[in-house]
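Whatever order the structure lists them in is the order used to number ligands and atoms, beginning at 1.
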Amino acid sequence: MIIAANLKTNFTRKETSNYIEELSTYMNQNAISQEVLVFPAMSSLDTNETKVIVGAQNAYPTVNGAFTGEIGLTHLEEFGIKTILIGHSERRHILGETQESLVKKFNYFKELGFKIVYCVGEPLEKREAGKETMMEYISAQYEGIDTEYENLIIAYEPVWAIGTGLTPTLEDIEEIHATLKSKSKAPLLYGGSVKVTNAKEVLALKNVDGILVGSAALYGEHFCSMIGYAEELS
Ligand code: 13P
């Protein structure tokens, strides 16, 4: 299974390095064979020799150049980063990334063989508009994306469940994951208010290959427990 932590705009450089150390120690002590990914803030990217895979929350599809506020391939290569998160709803909705720009980014990092965690998910009004509207919305997020890319991981994160404490029912997660699996055989993670209290039941669902955790992942101990649940279930 794949257990991923999106640290978003949290943790200093020092805090991030302590955090990765904590996860690494847990993984070694408990002989964890699951894939553990951590996406820290840009300023906390660093070389990493642990079993934890460190990825970038974002990068611009360029080696380097005049793209103020962005980082490029050079900056990822400096730290041996080969994993990237693309299409997170906060980048789509707050930072205004379009499907077209995400496809460009996807193709750029795909050509380089990066492991890509590609996020999809609907806002509340689309969910409330019914299944057909919701699926149309999610399907549009697959447009232009090579769903057969070998290093692709998809994360289904309903926007209304992110950081709200709300989650779809387990039946709903199972149903939508089954539908999404018909679009791509890539490992499919669930994200959106996953906590230490619900992680186990989410991980146990059919077609759930892992979780992408935000706020609850900031508690190292909780995140380690989630890694432990995945190990037990595997
Ligand atoms: P929360 O776990 O805080 O809901 O965030 C989920 C998320 O956005 C992970 O990418």
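Closest to atom 2 (O) of ligand 1, if we only count protein heavy atoms, is Gly214 N, 2.8 Å. Atom 3 (O) of ligand 1 has its closest protein heavy atom at Ser215 OG, 2.4 Å. Regarding atom 9 (C) of ligand 1, its nearest protein heavy-atom neighbour is Glu157 OE2, 2.9 Å. Protein heavy atom in closest approach to atom 4 (O) of ligand 1: Gly163 N, 2.6 Å.
Heavy-atom proximity to Leu212, at under 4.0 Å, picks out these atoms of ligand 1: 9 (C), 10 (O). For ligand 1, the atoms lying closer than 4.0 Å to a non-hydrogen atom of Asn6 are 9 (C), 10 (O). The distance from ligand 1 to the heavy atoms of Ser193 drops below 4.0 Å at these ligand atoms: 1 (P), 2 (O), 4 (O).
Using a 4.0 angstrom heavy-atom cutoff, Lys8 counts as in contact with ligand 1. Ligand 1 lies within reach of Gly192, whose nearest heavy atom is under 4.0 Å from it. No heavy atom of Gly191 sits closer than 4.0 Å to any atom of ligand 1. The shell of residues lying under 4.0 angstrom from ligand 1, judged by heavy atoms, includes Ala161.
Proximity of Ile162 to ligand 1, defined as any heavy-atom pair under 4.0 Å, is shared by backbone and side chain alike.
In this model, a donor atom of one side chain and an acceptor atom of the other lie less than 3.5 Å apart for Gln34 and Ser234. Using modelled atom types and a 3.5 Å distance limit, the side chains of Trp160 and Glu122 yield a donor-acceptor pair. Side chain to side chain, Glu157 and Ser89 fail the donor-acceptor criterion of an N or O pair below 3.5 Å.
Seen from the ring of Tyr137, Lys126 does not count as a face-on cation partner, given the 6.0 Å and 45° thresholds.
Ion pairing of Lys181 with Asp209 is present here, as a side-chain N (NZ or NE/NH1/NH2) and a carboxylate O approach within less than 4.0 Å.
Linking Ile, Leu, Val, Met, Phe, Trp and Tyr residues whenever their side-chain heavy atoms come within less than 4.5 Å leaves Ile162 and Leu212 in two separate clusters.
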For the pair Ile138 and Tyr156, evaluate side-chain contact (heavy atoms from CB on, under 4.5 Å) and give the outcome as yes or no after the intermediate values. CA-CA 9 Å; Ile138 298 174; Tyr156 168 61; 3.9 Å; yes

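Between Tyr190 and His177, the ring planes are tilted. Angles from 30° to 60° get that label.
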